[in-house]
Amino acid sequence: MTSTLDPSSDAAAALLEPVVDPVSAGFWSATARGELTVQTCLGCGAHRFPPSPMCPACHSVASAWRPVPGDGTVWSFVVPHPPLLPAYAELAPYVAAVVALDVDPSVRMVGRVVDAGGGPIEPDRVRVGDPVSVRFARHGAVHVPVWALAPTDQPADQPLHEHPEVSR
Amino acid sequence: MALKDIAVIAGIGQTEFGKSVEGTEAELACRAITAALDDAGIPASEVDGLASYTQEATDEVAIAASIGAGDLSWFGQIGYGGGAGCATIGHAAMAIATGQASTVVAWRSRKRGSGGRPWAGSNQLDVPAQWTRPSGVLRPVDEVAMLTRRHMHEFGTKREHLGNVAIAVRGHARSNPAALMGGRELDMDQYLASRMVSDPLCLFDNCLETDGAIAAVVVSAERAADCRQPPVYVHAFAQGLPRGHQTMVDYFRDDPFRGPSAVAARSLWAGADVGPADVDVAQIYDAFTPMVLFALEGYGFCGRGESGPFTEDGALDAGGSLPVNTSGGSLSEAYIHGFNLITEGVRQLRGTSTSQVPDAEVCFVSSGDDVPTSALVLRR
């Protein structure tokens with residue numbers, strides 16, 4: 001399920017577009033097809049992210065972008081407030097998270113958190129440990145992963161430590 | 001061969017600090033460098049080495065010509081911004097120890113008060129920023145805030161612990177006439193009520209934006225005997241860049257809290273005759289309050305995850321178990337990429353600090369955690 005969101009309504013205040021370069025091109029062509037992929041070493045099968053020219057485990061320079069399920073867990077998140085670049089100031093306060101992929105939690109990706117319908121999320125609703133699933137949002141010509149909070153009333157996993165979550 | 005006590009910081013100098021100081025970055029650098037040479041009592045013509053940060057507005061050629069340096073036989077720049085400060089002194093010490101140079105000046109000059117923020121408005125994304133910035137992790141404060149919340153989740157660190165850092169450093173600033181925030185009190189109510197910048201980091205978790213320049217002169221211990229000031233020995237030096245590290249956006253490897261500080265700490269203490277328990281005063285890079293917590297853990301002043309409780313009960317204040325950033329640091333004195341932490345370390349060991357720790361003999365200085373980093377043990 002890969003609904004495409006287009007939050008940038010003002011051409012003069014555009015969300016940043018990732019650079020599509022030889023190393024990352026495979027990732028972005030996959031997101032354009034609504035697919036989440038991870039760089040996979042063709043020598044030893046290891047995942048690596050962010051992508052890099054060589055596998056640190058086996059030194060192979062051969063790799064492919066392999067599709068992975070878009071289910072993940074919030075590892076951490078921030079809520080930026082202005083001063084911000086104009087397009088982001090319009091969205092603020094928004095939630096940007098590091099998400100660990102459930103299929104391989106050693107792979108973590110950064111993306112905004114959105115609600116189950118793909119719209120802006122109330123920052124108070126997000127907790128470390130929340131389950132999320134990938135969607136894709138347009139930033140200019142590039143489709144960027146965003147992470148939709150699971151539509152559930154169940155509480156998120158308990159924090160690793162007993163202390164209560166930070167309150168705002 | 002160990003670096004131990006071969007090189008000395010013989011002179012320090014600085015310009016005024018302010019929100020807007022007149023003069024180009026190059027001019028401010030020259031003023032700070034010549035002030036440091038005067039402090040040491042060394043003529044500029046003896047300078048044969050230069051140590052500086054990358055990301056500079058001017059390079060060694062312009063600075064050397066302007067101050068009237070001699071021929072240079074060693075010159076080096078260290079990368080990663082706030083991680084580089086201690087390494088300018090450490091690399092200078094290595095040049096002195098190997099005989100590559102005899103008189104090295106190190107400096108940092110910035111106009112971040114009146115100039116722009118380097119990352120503002122830029123659509124140029126280099127790896128790994130292209131994987132983080134489009135999603136709204138736009139500024140260094142956002143990048144550090146992400147690790148801060150994870151630290152809170154894993155270890156129970158609270159906003160009050162970050163506040164303890166801000167308040168302790170502000171307390172030291174109030175004794176320092178040069179500190180930009182020296183006239184302003186800060187208590188926990190104000191800290192907790194201040195506006196969020198990147199939740200969980202608020203206004204007072206962020207350092208200042210300052211114009212100014214600071215410099216130091218490094219020579220051998222033998223040469224320092226003829227200088228004007230008591231010698232401050234470079235006792236130990238280390239750098240640290242963890243395996244798999246991705247600079248400020250260090251989210252992608254297994255354990256980001258085994259960070260640059262922890263890596264530098266191993267070789268730092270291995271090369272020293274002292275350990276964390278012997279440190280009388282610490283100057284810990286404080287572009288953001290959580291960086292102080294990460295460094296306290298990384299360098300072994302407390303256990304992993306224990307930096308929050310370590311800050312309680314005035315530990316970082318004057319008279320506490322580990323006074324920190326005693327001139328007001330980047331949070332409350334001036335933000336010159338941590339170079340004022342080095343010069344304050346020198347003052348503590350000369351006995352001339354405005355928030356003097358009685359009989360300070362060993363001072364620890366660190367550069368920025370969360371980037372490839374460096375650290376020093378200075379002693380008298």
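Here is the naming used below: chain letters follow the sequence lines, and residue numbers restart at 1 for every chain. These numbers come from the heavy atoms of this one structure, side chains and all, not from hydrogens, waters or symmetry mates. Note that this is a predicted model, so its numbers are computed, not measured.
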At their closest point, which heavy atom of [X] faces which heavy atom of [Y], and how far apart are they?
X: B/R139; Y: A/L84; answer: CZ-CD2, 3.4 Å
X: A/Y94; Y: B/G136; answer: OH-O, 2.7 Å
X: A/P82; Y: B/R195; answer: O-NH1, 3.7 Å
X: B/P134; Y: A/H139; answer: O-CE1, 3.0 Å
X: A/S76; Y: B/R149; answer: OG-CB, 3.5 Å
X: B/S135; Y: A/Y88; answer: C-CE2, 4.3 Å

For this session: Sort out for me which of A/A97, A/A100, A/P145 touches chain B most, counting heavy-atom pairs under 4.5 Å.
Result: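 Among the listed options, the one with the most contacts to chain B is A/A97.
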
Problem set entry | Among the listed options A/G111, A/P93, A/P80, the residue most often paired with chain B at heavy-atom distances under 4.5 Å | A/P80

Exercise. How long is the span from the CG atom in B/D142 to the NE2 atom in A/H81, to the nearest 0.5 Å?
Worked result: 10.0 Å

Can you confirm whether more than 12 heavy atoms, excluding those of [X], are under 6.0 Å from its [atom1] atom?
X: B/D313; atom1: CG; value: no
X: B/R184; atom1: CZ; value: no
X: B/D187; atom1: CG; value: yes
X: B/Y80; atom1: OH; value: no
X: B/R304; atom1: CZ; value: yes

For this session: Measure A/W28 against the heavy atoms of chain B and call it side chain, backbone, both or neither at under 4.5 Å.
Result: side chain

Exercise. Can you say whether A/V98 sits under 4.5 Å from chain B via the side chain, the backbone, both, or neither, judging by heavy atoms?
Worked result: both

For this session: Just do the side-chain contact (heavy atoms from CB on, under 4.5 Å) check on A/V110 and B/V249 with the steps written out, would you?
Result: CA-CA 10 Å; A/V110 172; B/V249 291; over 6 Å; no

Exercise. If you count heavy-atom pairs under 4.5 Å with chain A, which of B/L147, B/V197, B/T132 comes out on top?
Worked result: B/V197

For this session: Please examine the side chains of B/L138 and A/L16, heavy atoms only from C-beta on, and report whether any two atoms are closer than 4.5 Å.
Result: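 The answer is yes, as the side chains (C-beta and beyond) meet within the 4.5 Å cut-off.
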
Exercise. Do A/R108 and B/P256 have side-chain heavy atoms sitting under 4.5 Å apart?
Worked result: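 Touching, per the 4.5 Å side-chain cut-off.
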
For this session: Measure up the A/W75 and B/Y251 rings against each other and bin them: parallel (under 30°), tilted (30 to 60°), perpendicular (over 60°).
Result: tilted

